[in-house]
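Take a look at the structure below.
Here the structure is a predicted model, which is why all the values come from computation and not from measurement. In what follows, residues are counted from 1 in the order of the sequence shown.
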Amino acid sequence: MRSRLSLTLLASSAIVLSLAAQGARAQTTPPAPPAPATAAPTDPVVAIVNGDDVHLSDLSALTRNLPQQLQGMTPDQLYPILLEQLVDQKAMAIAANKQGLENDPEVKKRIAAGIEQVMQAALITKSVGPEIGEAQIQARYKSEYADKPGVEEVHARHILVATQAEAEDIIKQLNHGGDFGKLAIKDSKDPGASNGGDLGFFKKTDMVPEFANAAFALKDGQITPTPVHTQFGYHVIQVLGHKTDAAPALADVHDKIRNELIQEGVHRLLAQVRSAVTIKEFGPDGQPLPPQPAIPAAPATGN
């Protein structure tokens with residue numbers, strides 16, 4: 001019972017979310033291996049492959065997307081692994097160049113696609129990144145969450161049967177002292193019948209409208225006077241309690257707000273860049289597609 005962004009927007013958002021996640025992991029991702037204490041350069045050479053220098057900063061870049069199994073390692077443990085990985089990468093690239101693979105049409109195509117992805121990520125980071133700071137997150141929290149009442153919830157249980165007649169008979173039994181929990185175990189076809197039909201606390205949006213409207217209209221202890229019909233069958237509902245939670249703490253919604261700001265920023269950027277170019281789209285058969293509606297600009301985030 002518990003109840004389109006374009007592909008371009010989703011892909012762009014994924015890039016920003018990845019970049020934002022890197023910032024969030026900065027406190028937990030192992031730092032780049034430190035330079036030796038006696039080394040004077042701030043970015044020393046840590047390897048030379050065919051005359052090509054590999055710097056400490058090149059290894060540092062690898063730490064931003066460490067696989068899960070490496071994230072718990074210390075810098076001393078990570079250093080030789082990352083160094084060998086980068087040396088291997090350089091050696092493989094040199095071998096590929098010797099074979100002229102950079103002139104392979106498929107390789108050229110993939111390189112061009114990679115450059116576009118890097119440029120897209122750079123544009124998003126430059127344009128959207130400044131909108132995702134702590135000040136913006138706190139401002140959104142203050143305007144949408146702080147000092148506002150939480151969402152009302154009800155605690156209810158129900159008995160689900162196939163026909164209206166069955167539900168009406170159960171209501172009669174309850175009105176004559178029948179035990180709700182026992183009747184739920186005996187008659188209800190809901191998967192939760194074994195615990196007396198108890199649904200726990202839920203928000204109105206958690207249930208299909210017909211069920212939610214009936215449940216939230218009841219007072220504590222009341223049973224629906226008539227069966228409630230949904231696509232699942234006929235319900236007899238009893239409300240056991242009501243509550244309204246306090247507004248969530250900033251820490252509880254921090255990541256949710258950050259992701260909302262990212263999505264909004266990417267949406268605005270997409271509307272801007274698409275309006276500045278001429279776009280013609282075609283179907284798989286090569287025939288022109290009708291023009292797509294413009295992406296509406298999302299509201300600017302406040303500071």
Side-chain angles (χ1 to χ4, degrees), residues 1-25 64-65 101-133 135-137 139-145 148 151 202-213 229-233 253-303:
M1 282 186 303
R2 299 185 182 270
S3 351
R4 145 165 139 110
L5 292 172
S6 68
L7 292 177
T8 303
L9 177 56
L10 291 174
S12 302
S13 300
I15 293 172
V16 184
L17 287 169
S18 174
L19 295 172
Q22 290 172 17
R25 289 200 306 265
R64 296 172 189 158
N65 293 288
L101 292 181
E102 73 276 13
N103 297 317
D104 182 277
E106 183 61 27
V107 173
K108 284 185 174 181
K109 185 177 179 180
R110 293 175 65 181
I111 289 174
I115 291 173
E116 286 189 354
Q117 290 177 2
V118 171
M119 294 295 288
Q120 175 179 274
L123 177 62
I124 291 173
T125 301
K126 179 181 178 181
S127 302
V128 179
E131 302 174 359
I132 320 299
Q136 290 85 351
I137 292 174
R140 175 65 62 87
Y141 172 77
K142 184 176 180 180
S143 66
E144 295 190 2
Y145 293 93
K148 292 188 177 180
V151 179
F202 55 86
K203 300 177 180 66
K204 199 167 188 178
T205 53
D206 292 337
M207 300 295 181
V208 294
E210 300 90 345
F211 189 100
N213 291 336
H229 186 219
T230 72
Q231 67 261 44
F232 303 100
V253 293
H254 183 279
D255 290 349
K256 178 177 181 290
I257 293 174
R258 184 188 66 201
N259 291 341
E260 288 174 353
L261 294 175
I262 290 171
Q263 293 283 352
E264 292 167 9
V266 171
H267 199 106
R268 285 194 303 276
L269 179 60
L270 272 175
Q272 175 186 341
V273 299
R274 286 178 69 96
S275 68
V277 296
T278 300
I279 300 172
K280 295 180 180 179
E281 297 183 331
F282 304 86
D285 57 359
Q287 295 301 309
L289 293 175
Q292 296 297 307
I295 299 174
T301 53
N303 294 318

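E144 meets the side chain to side chain contact (heavy atoms under 4.5 Å, CB included) test with R140, E260; sequence neighbours excluded. Under the salt bridge (Lys or Arg N to Asp or Glu O under 4.0 Å) criterion, K108 pairs with no residue at all, not counting sequence neighbours. Take S275 and apply the side chain to side chain contact (heavy atoms under 4.5 Å, CB included) test, not counting sequence neighbours, and it matches no residue. Residues satisfying the side chain to side chain contact (heavy atoms under 4.5 Å, CB included) criterion with V107, sequence neighbours excluded, are D104, I111. For E210, there are no side chain to side chain donor-acceptor pair (under 3.5 Å) partners two or more places apart in sequence or in a different chain. A search for side chain to side chain donor-acceptor pair (under 3.5 Å) contacts involving Y141 returns nothing, not counting sequence neighbours.
Counting heavy atoms from C-beta outward, E264 and E131 have side chains that stay 4.5 Å or more apart. In this structure, V273 and L123 have side chains that are in contact, with non-hydrogen atoms separated by less than 4.5 Å. Two residues are said to be in side-chain contact when any heavy atoms from C-beta on lie closer than 4.5 Å; F202 and M207 meet this criterion. Looking at Q231 and F211, their side chains never come closer than 4.5 Å, going by heavy atoms from C-beta outward.
The distance from atom OG of S127 to atom CD of Q272, rounded to the nearest 0.5 Å, is 7.0 Å. Residue R110 holds its CZ atom at 13.5 Å from CD1 of I115, rounded to the nearest 0.5 Å. Considering NZ of K126 and CG of L269, their distance stands at 11.5 Å, rounded to 0.5 Å.
I132 and I262 get closest at one heavy-atom pair: CD1-N, 3.7 Å.
In this structure, N213 contributes its side chain and P209 its backbone to a donor-acceptor pair below 3.5 Å.
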